[in-house]
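Okay, structure first, notes after.
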Protein chains: 2
Amino acid sequence: MYMSPTPIETSATLVPWHNTAGRSAHEQRLHAHEALFCEGDEAGFLYEVVDGVMCNYRILLDGRRQIISFAYPGDLIGLGHTESHRFSCEAVCDARVRSIPKAALLRDAQGQAHVGHRLLEIATAELADMQEHQLLLGRKSAMEKLASFLLMLACRSKGEGAKTARFNLPMTRTDIADYLGMTIETVSRNLTKLKVLGVIDLPQTTRVIICDMDKLEELAEGDDAAF
Amino acid sequence: MYMSPTPIETSATLVPWHNTAGRSAHEQRLHAHEALFCEGDEAGFLYEVVDGVMCNYRILLDGRRQIISFAYPGDLIGLGHTESHRFSCEAVCDARVRSIPKAALLRDAQGQAHVGHRLLEIATAELADMQEHQLLLGRKSAMEKLASFLLMLACRSKGEGAKTARFNLPMTRTDIADYLGMTIETVSRNLTKLKVLGVIDLPQTTRVIICDMDKLEELAEGDDAAF
DNA sequence: CGTGAGGTTGATCGCTTTCAACGGAGGTGG
DNA sequence: CCACCTCCGTTGAAAGCGATCAACCTCACG
């Protein structure tokens with residue numbers, strides 16, 4: 001059974017069209033690994049993650065998969081689409097999403113400047129994340145990738161409560177591997193290595209405790225004096 | 001000496017704020033390898049490439065570099081920035097850019113809906129390109145990366161004149177390597193391999209002729225029956 | 001003609017992948 | 001209740017692809 005991940009941030013104020021009129025944004029439940037939409041599907045809606053974690057990915061003919069991004073509660077999925085979706089999207093664990101009619105949203109964006117502005121803001125934030133991800137995919141070693149990934153998750157879960165960095169990994173090793181552009185075996189080996197080094201602890205396979213944040217940051221940036 | 005690349009597409013209608021009032025967008029000339037701005041610089045302007053090719057990149061502490069994207073005439077640089085630039089930008093070859101005050105543009109976006117809409121359109125197109133690029137970086141082999149890259153350039157230079165795919169490579173092997181997440185040696189070896197296979201011809205190091213487009217497409221998608 | 005930057009090619013190394021076996025957790029059915 | 005099965009994760013051994021190190025080439029330019 002997949003654990004429902006702790007909500008990372010409240011989405012209360014993030015998406016301004018929540019309250020717009022009585023346009024009842026329809027909510028949808030997905031089980032772990034269930035698809036929300038596939039590459040090529042007609043793209044009539046955008047989606048806001050309400051609970052759980054989703055992932056956007058692209059696949060090659062032979063099945064190789066690259067996860068573009070994980071979407072946490074409050075995140076918006078589907079921007080950047082034309083009439084058809086340019087990537088696939090599925091639930092990493094049990095999740096809930098709210099669907100938003102695209103046409104209506106774009107109409108709002110034309111009429112209400114702040115909605116358009118907010119959309120642009122979201123799109124550019126996504127661009128920034130993807131730039132970081134490209135640097136990771138193209139130029140970092142396996143250990144650097146993994147350390148960067150853990151830091152990202154730790155950062156996302158800030159404010160989860162205690163200041164000590166503890167968080168769940170809602171995604172499988174396969175998901176992590178497909179996000180970082182490596183294999184599950186390499187993910188597993190390097191997690192073990194981090195554990196042996198005392199940088200992290202893994203009480204369960206889905207639970208991470210960061211013991212030495214400084215060292216993890218060094219490892220993420222390639223200060224290879226670390227090991 | 002770097003050859004000035006043939007303009008890929010006219011920018012006449014692409015960017016709507018050309019003509020907005022007498023706000024004289026300042027034009028700027030850059031020599032090959034000259035920086036337009038660096039990561040961390042204050043971001044007061046966006047830039048439209050007028051001529052030549054620019055590249056956006058990020059670097060790690062130890063100098064490893066990942067080129068995020070190449071910007072051709074008509075392309076807009078600098079979206080997705082907050083107060084400071086999140087990446088560096090420099091000229092691949094001699095180039096001309098037009099700087100656009102960011103504050104004014106955003107003001108326009110608030111006032112004129114079509115400007116905001118166009119900006120969002122540009123941002124989402126960029127997102128789509130980056131998704132493709134991530135798939136390439138994370139999951140493709142060296143040969144697949146290179147074949148995909150050549151196809152992209154061929155596609156960009158469509159309408160350059162003849163329908164035969166011939167185009168210049170304004171960027172050095174180092175630039176190509178840093179865009180594809182590999183080394184210059186591997187780029188060079190695989191270009192040679194493509195030449196030997198009769199898929200492409202390289203009359204000069206900066207000039208590419210695609211001889212067998214079908215095979216190149218197979219190679220780009222990993223139909224590895226090809227070699 | 002000398003020089004230096006960019007490009008190619010060869011030889012070797014090593015990190016990551018691949019192939020394979022094993023272990024644990026959860027679910028199901030006898 | 002336990003045997004069994006499947007999925008997921010870990011670990012080991014071997015292979016391979018791309019990186020690294022190094023030499024050489026080409027060409028533009030002073």
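Just so it is clear, the model here is predicted, and its values are computed rather than measured. Every heavy atom of this structure was used, including side-chain atoms; hydrogens, water molecules and symmetry mates were not. Residue numbers start from 1 in every chain, and the chains themselves are labelled A, B, ... in the order their sequence lines are given, proteins ahead of strands.
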What is the distance, rounded to the nearest whole Å, between atom [atom1] of [X] and atom [atom2] of [N]?
| X | N | atom1 | atom2 | result |
| --- | --- | --- | --- | --- |
| A:M182 | D:dC17 | CE | P | 20 Å |
| B:L191 | C:dT8 | CG | P | 6 Å |
| B:K193 | C:dT8 | NZ | P | 15 Å |
| A:R189 | C:dA21 | CZ | C1' | 13 Å |
| A:Q204 | C:dG24 | CD | C1' | 14 Å |
| A:R207 | C:dA25 | CZ | C1' | 19 Å |

Exercise. Choosing from D:dT11, C:dG7, D:dT10, which nucleotide comes nearest the side chain of A:E185?
Worked result: D:dT11
Problem set entry | Of the listed nucleotides C:dT17, D:dA22, D:dC8, the one nearest the side chain of A:T183 | C:dT17
Exercise. Does A:T192 have a side-chain nitrogen or oxygen under 4.0 Å from the phosphate oxygens OP1 or OP2 of D:dT11?
Worked result: yes
For this session: Have a look at A:T186 and say if it touches a base, only the backbone sugar-phosphate, or nothing, with a 4.0 Å heavy-atom cut-off.
Result: base
Exercise. So is A:R65 actually on top of A:Y57's ring, under 6.0 Å and inside 45° of the axis?
Worked result: yes
For this session: Using the side-chain contact (heavy atoms from CB on, under 4.5 Å) rule, pick out the option among A:L219, A:I200, A:I176 that qualifies with A:L150.
Result: A:I200
Exercise. Is the side chain of A:K140 donor-acceptor paired with the backbone N or O of A:L135 at a distance under 3.5 Å, no angle test?
Worked result: no
Problem set entry | Donor-acceptor pair between A:T206 and A:N168 side chains, under 3.5 angstrom | no
